[in-house]
Every structure is written in C-alpha cells, then in structure tokens.
Amino acid sequence: MTATSDTRPRSNRLPRHERRRQLLDAALEVFVSQGYHAAAMDEIADRAGVSKPVLYQHFPGKLDLYLALLDESVDALVDAVRGALRSTTDNKQRVAATFSAYFQYVAGEGQAYRLVFESDLSNESAVRARLERGQRECAEMISQVVRQDAGLEEDEAQLVSVGMVGLAQVTARYWLSRLDHIPREVAEQLVARLAWRGISGWPRSEH
C-alpha cells in the first residue's frame, strides 16, 4: 500500500497500554473519516505508524477495534450524563447540565460521537447492543430523577426520559451542523428551556 501524507513514522516499542491507545486514536480518525465499511486495517496501521502484525496483536479484527472504540465512546457519554445529574440538586440546573453534557459530547475532539450517533454498522448485533446500552443507561439515570421529583409512574418517567434523550441527541447534532450560526451556550440554553418548561409542569412527588 502506498504511504500517504497522513502516515505516521514507524514508532518505537511502547508499553502495551500506550500502544493500544495509539492504535485506538488512529482507528478513530479512519473510522470517523471513512465509516466502518470503507476503513481498512492497512490504513489504520499506517496511520498509527505500526505494522499490521502489531495491530493484529492488539485487535484480532476490524470489528474488535471498532467495538473497543464504541465502548469508549458510549462510556464517555454515559459518564457525562451521570456527572451532569450529580452536579446539582436543583432540577432546573440538572436539566441544563444534562443538555450541556450532550452538546459538549458532540463537540469533543476527534468526533467520537459519530460512532454512537451516526454508526454505519448499527445492523451488526454487537454494535446495536452497545448503542442501545448507551441510550438505555442515560434514559434510566434521567428516569430515576424524573420519577422521584415529578411524581410520575415508572413507565411514564421512562417514556419522558427517552424523549429527553432523543431531544438532546437530535438537537446537539443539529447544532453541530450549524456551528457558525448559534453559539453553544445559547443553543444549550434554548433546548434546556424547552425541556424544563415541559417537565416542570408536573408536581413534585411526596413519596
């Protein structure tokens, strides 16, 4: 394969965890720019500056590499939402912090969000399971707060929470596509205000 301008120099021996990080970073660049199906292990190895045998020592196949990245990306989103919900006990601020977490996530370096929100491999069962896990865990965390403080039944709170997750995901992605038109802080406040005006209408639970 002919080397490109993006090919990294062959690197020296690294500790296993550093090499794995290097390979994941290179793979993220390739998967984000080309999608799963067009990405090639040869190019990922070249991008990382290693031989293909070194790449295969860490990841037996392209799907294994993709799933490792996807696990990281899903975990990052779940952790961001968890942190937002724990950041305050004021529910209005919680709503704002949660939407901010989604906007910050899509704006993150490397565009890892595209693996979670725009995967071209969602028909693969292992990928779909991870994507569903991310949505489920975020919705369940939000649902716990909604159920406690809005006085809704469990199924009702879950439905509302799934709706909030969908609103956060869609609006964050739309904002990113219009990055030059709306500052992030303004976009976050607009959507958080929309959500809060809806959810704040329910009475606080007495239980």
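The analysis underlying the following values was restricted to heavy atoms, covering all of them including side chains, and did not include hydrogens, waters or symmetry mates. Sequence positions, counted from 1, serve as the residue numbers for this chain.
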Using 0.5 Å steps for rounding, measure from the CE atom of M164 to the SG atom of C138. 11.5 Å
Could you check whether any side-chain N or O of S143 sits under 3.5 Å from a backbone N or O of E140, counting only pairs where one atom can act as donor and the other as acceptor? no
Ion pair R114/D120, N-O distance below 4.0 Å: no
Less than 4.5 Å apart, any side-chain heavy atom of R184 and any of Q104? yes
So does R21 have more than 12 non-hydrogen atoms from other groups sitting under 6.0 Å from CZ? yes
Nearest 0.5 angstrom please: S119 OG to L69 CG, how far? 11.5 Å
Step-by-step salt bridge (charged side-chain N to carboxylate O under 4.0 Å, His left out) determination, R133 to D75: CA-CA 10 Å; R133 175 178 71 83; D75 288 344; 3.0 Å; yes
In terms of relative ring orientation, are Y102 and F117 parallel, tilted or perpendicular, with 30° and 60° separating the classes? parallel
Within 6.0 Å of CG in D155, more than 12 heavy atoms from elsewhere: no
Just verifying a value: how many Å separate T171 OG1 and Y174 OH, rounded to the nearest 0.5 Å? 11.0 Å
Any donor-acceptor pair under 3.5 Å from E156 side chain to E153 backbone: yes
Mind checking whether R173 and E118 have side chains closer than 4.5 Å, heavy atoms only? yes
Can you check whether I44 reaches F59 side chain to side chain, under 4.5 Å on heavy atoms? no
Say whether, by atom type as modelled, one donor and one acceptor occur between the side chain of S100 and the main chain of A96 under 3.5 angstrom. no
Is E154 atom CD crowded by more than 12 heavy atoms from other residues, nucleotides or ligands, each under 6.0 Å away? no
Exam field: side chain E188 to backbone F99, donor-acceptor pair closer than 3.5 Å: no
Is a side-chain N or O of D25 found less than 3.5 angstrom from the main chain of Q22, in a donor-acceptor match? no
Rounded to the nearest 0.5 Å, what separation is found between the CZ atom of F31 and the CG atom of L121? 9.0 Å
Does some side-chain heavy atom of L55 sit less than 4.5 Å from a side-chain heavy atom of D42? no
Taking the side chain from Y105 and the backbone from S73, do they hold a donor-acceptor pair closer than 3.5 Å? yes
Just by distance, with hydrogens left out, do E29 and S33 show a side-chain donor and acceptor under 3.5 Å apart? no
With side chains defined as the heavy atoms from C-beta onward, is the minimum distance between E72 and L24 less than 4.5 Å? yes
Any heavy-atom pair between the side chains of N91 and R94 that's under 4.5 Å? yes
Gap between atom CD of Q158 and atom CZ of R147 - 0.5 Å precision: 8.0 Å
Heavy-atom distance under 4.5 Å between the side chains of L115 and Y36, does that happen here? no
Side chains of V78 and M141: does their closest heavy-atom pair fall under 4.5 Å? yes
Side chain K62, main chain M41, donor-acceptor under 3.5 Å: no
If you measure from CD on Q135 to CD on Q169, what distance do you get to the nearest 0.5 Å? 5.5 Å
Is it the case that one hydrophobic cluster holds both V162 and L85, taking links as side-chain heavy atoms less than 4.5 Å apart, direct or via other members? no
